[in-house]
Amino acid sequence: MKLAQIFSDGMVFQANMPVRIFGTGSGNIEIEFLGKIYRKQSKSEKWMIELAPQNYGGPYHMRVVLDGEEKHFENIMFGDVLLCAGQSNMQFEVGFEKENENVKPNENIRYFFSDNIERHGRLRSDMGWLLATEENVPDFSALAYHVAEGIVSKKGVCVGIIAAVQGASAIRSWLSEEVLTPEVYIPIEQRHADSSDPAYKAFNQDAACYKETFLPIAPYMVALVIWYQGESDTSVAEGTVYLQLLKKLVTLWRHDLQNKTLPFIILQICDLDDRMDEGWSVIQKAQEEAQREIPSVQVVTSSDVCEHTQIHPEDKRALAEKILEILG
């Protein structure tokens, strides 16, 4: 029997919501946490146990026994957990930011990187939850980190970031094959070049990022999903179905994360001087419409706070501030 890799020392559970512990394999499970013991027998290849909600706080200790094998986890916190997902602008690391020397470690921020297919960079799932130390912060998503800094500053609570990112990934790769029905099919020759680029083929197949990067962290309880993606879907043909695909993604992820009202913030792709063609504009429009057509979805524009000369704006702080304004 195995626990999902997202469970490690230093993990952050969402405060005031049920805690889900899950993994694979059949057998007997026992969890001891905060004075309570939870037991279950798994007769299938997947299992899950829900623990009682807790207020903000920590650090705590947990004992888990899977078919006689005992594990102990230390330094567990209850805080706010953000799932930050998408392509390269979400993946863009603190170390590549302008003035990144001003970014400071923060003992109240922790980061879990869910493995992607590309395996680019230093971080891996098997490293578990990483503390925001001077060594680790440069490898964190810059946008996610600045949002977390703002929450810590305002609320004084621990923030856990789950990064589910893959540069140059199309939205189709983040959806299950079951929801990619014929009405949203676009022939490969009519898609953006990222979908046919041999360098990106492994992760731009249907459901590739969904299976490799998203499913391993579900149904971990999170407070919010922040979605920053769209640049790899900017053909005119893809623009005709992008809003439908966004609806499918929100519905699917809410189902898999077992939270029908899970809030989403969708970041609208920035104006880009050499790419303001019809396909680009149609994706921006589809993202703008998402908040009117999908419950509990809010859209944040980026064009007013990001430079327009490159596809990866090098300062994510102002965009993070717009997200924090929504969070209140």
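Atoms considered below: every heavy atom in the structure, side chains included; atoms not considered: hydrogens, waters and symmetry mates.
For Y56, the side-chain hydrogen bond (donor to acceptor under 3.5 Å, both in side chains) criterion is met by D80, K155, not counting sequence neighbours. With sequence neighbours excluded, the residues that form a ring-ring contact (aromatic ring centres under 6.0 Å, His included) with H61 are H72. Remark: E289 pairs with no residue by the salt bridge (charged side-chain N to carboxylate O under 4.0 Å, His left out) rule, at least two apart or across chains. The side chain to side chain contact (heavy atoms under 4.5 Å, CB included) search around K43 returns Q41, not counting sequence neighbours. Shown here are the side-chain hydrogen bond (donor to acceptor under 3.5 Å, both in side chains) partners of W227, two or more places apart in sequence or in another chain: there are none. For K98, the salt bridge (charged side-chain N to carboxylate O under 4.0 Å, His left out) partners two or more places apart in sequence, or in a different chain, are E307. For the salt bridge (charged side-chain N to carboxylate O under 4.0 Å, His left out) test, residues two or more places apart in sequence or in another chain that qualify with E50 are R20. Considering only residues two or more places apart in sequence or on other chains, E118 meets the salt bridge (charged side-chain N to carboxylate O under 4.0 Å, His left out) condition with none of them. With sequence neighbours excluded, no residue forms a side-chain hydrogen bond (donor to acceptor under 3.5 Å, both in side chains) with T24. Qualifying ring-ring contact (aromatic ring centres under 6.0 Å, His included) partners for Y111, counting only residues two or more places apart in sequence or in other chains: F140.
Grouping the Ile, Leu, Val, Met, Phe, Trp and Tyr side chains by contacts below 4.5 angstrom, directly or via other members, places W47 with I6. Hydrophobic clustering (ILVMFWY, side-chain heavy atoms < 4.5 Å, transitive): F92 and F112 are in distinct clusters. Under the 4.5 Å side-chain heavy-atom criterion for Ile, Leu, Val, Met, Phe, Trp and Tyr, W174 and Y200 are members of distinct hydrophobic clusters. V179 and Y185 sit in two unconnected hydrophobic clusters of ILVMFWY residues. Membership requires side-chain heavy atoms under 4.5 Å apart, directly or through other members.
Side-chain heavy-atom separations under 4.5 angstrom define the hydrophobic clusters, and the remaining members of the one that includes M221 are M17.
Checking side-chain atoms of S173 against main-chain N and O of S169 turns up no donor-acceptor pair under 3.5 Å. A donor-acceptor pair under 3.5 Å links the side-chain atoms of Q87 to the main chain of G230, judged by distance alone. Looking at S42, its side chain does come within 3.5 Å of a backbone N or O of G25 through a donor-acceptor pair. Between the side chain of D139 and the main chain of E93, no donor-acceptor pair closer than 3.5 Å is present.
A salt bridge does not link R317 with E97: none of the charged nitrogens is closer than 4.0 Å to a carboxylate oxygen. The pair R172-D233 does not count as a salt bridge, with every side-chain nitrogen at least 4.0 angstrom from each carboxylate oxygen.
Smallest separation of non-hydrogen atoms from L3 and V64: CD1-CG1, 4.2 Å. In terms of heavy atoms, M1 sits closest to S26 at CG-O, 3.3 Å.
Taking the six-membered ring for Trp and thresholds of 30 and 60 degrees, Y220 and F13 have ring planes inclined between 30 and 60 degrees apart. Between F214 and Y210, the ring-plane angle classifies as parallel under the 30° and 60° cut-offs.
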Check the pair R39 / E32 against salt bridge (Lys or Arg N to Asp or Glu O under 4.0 Å), numbers first and verdict last. CA-CA 9 Å; R39 294 187 178 93; E32 184 178 357; over 6 Å; no
As a quick check of understanding, evaluate side chain to side chain donor-acceptor pair (under 3.5 Å) for R110 and N75, giving each step before the final call. CA-CA 11 Å; R110 300 168 183 203; N75 196 17; 3.1 Å; yes
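Other residues, nucleotides and ligands contribute more than 12 heavy atoms inside 6.0 Å of the CD atom of E189.
Side-chain contact annotation: K316 with N89, donor-acceptor N/O pair under 3.5 Å present. Between the side chains of T133 and E135, no donor-acceptor pair is found at a separation under 3.5 Å.
F22 does not carry K46 over the face of its six-membered ring by the limits of under 6.0 Å from the centre and within 45° of the normal.
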Review item, side-chain donor-acceptor pairs of residues 147-154, under 3.5 Å, at least two apart:
unit_1	atom_1	unit_2	atom_2	d
E149	OE1	H146	ND1	2.9
K154	NZ	G328	O	2.5

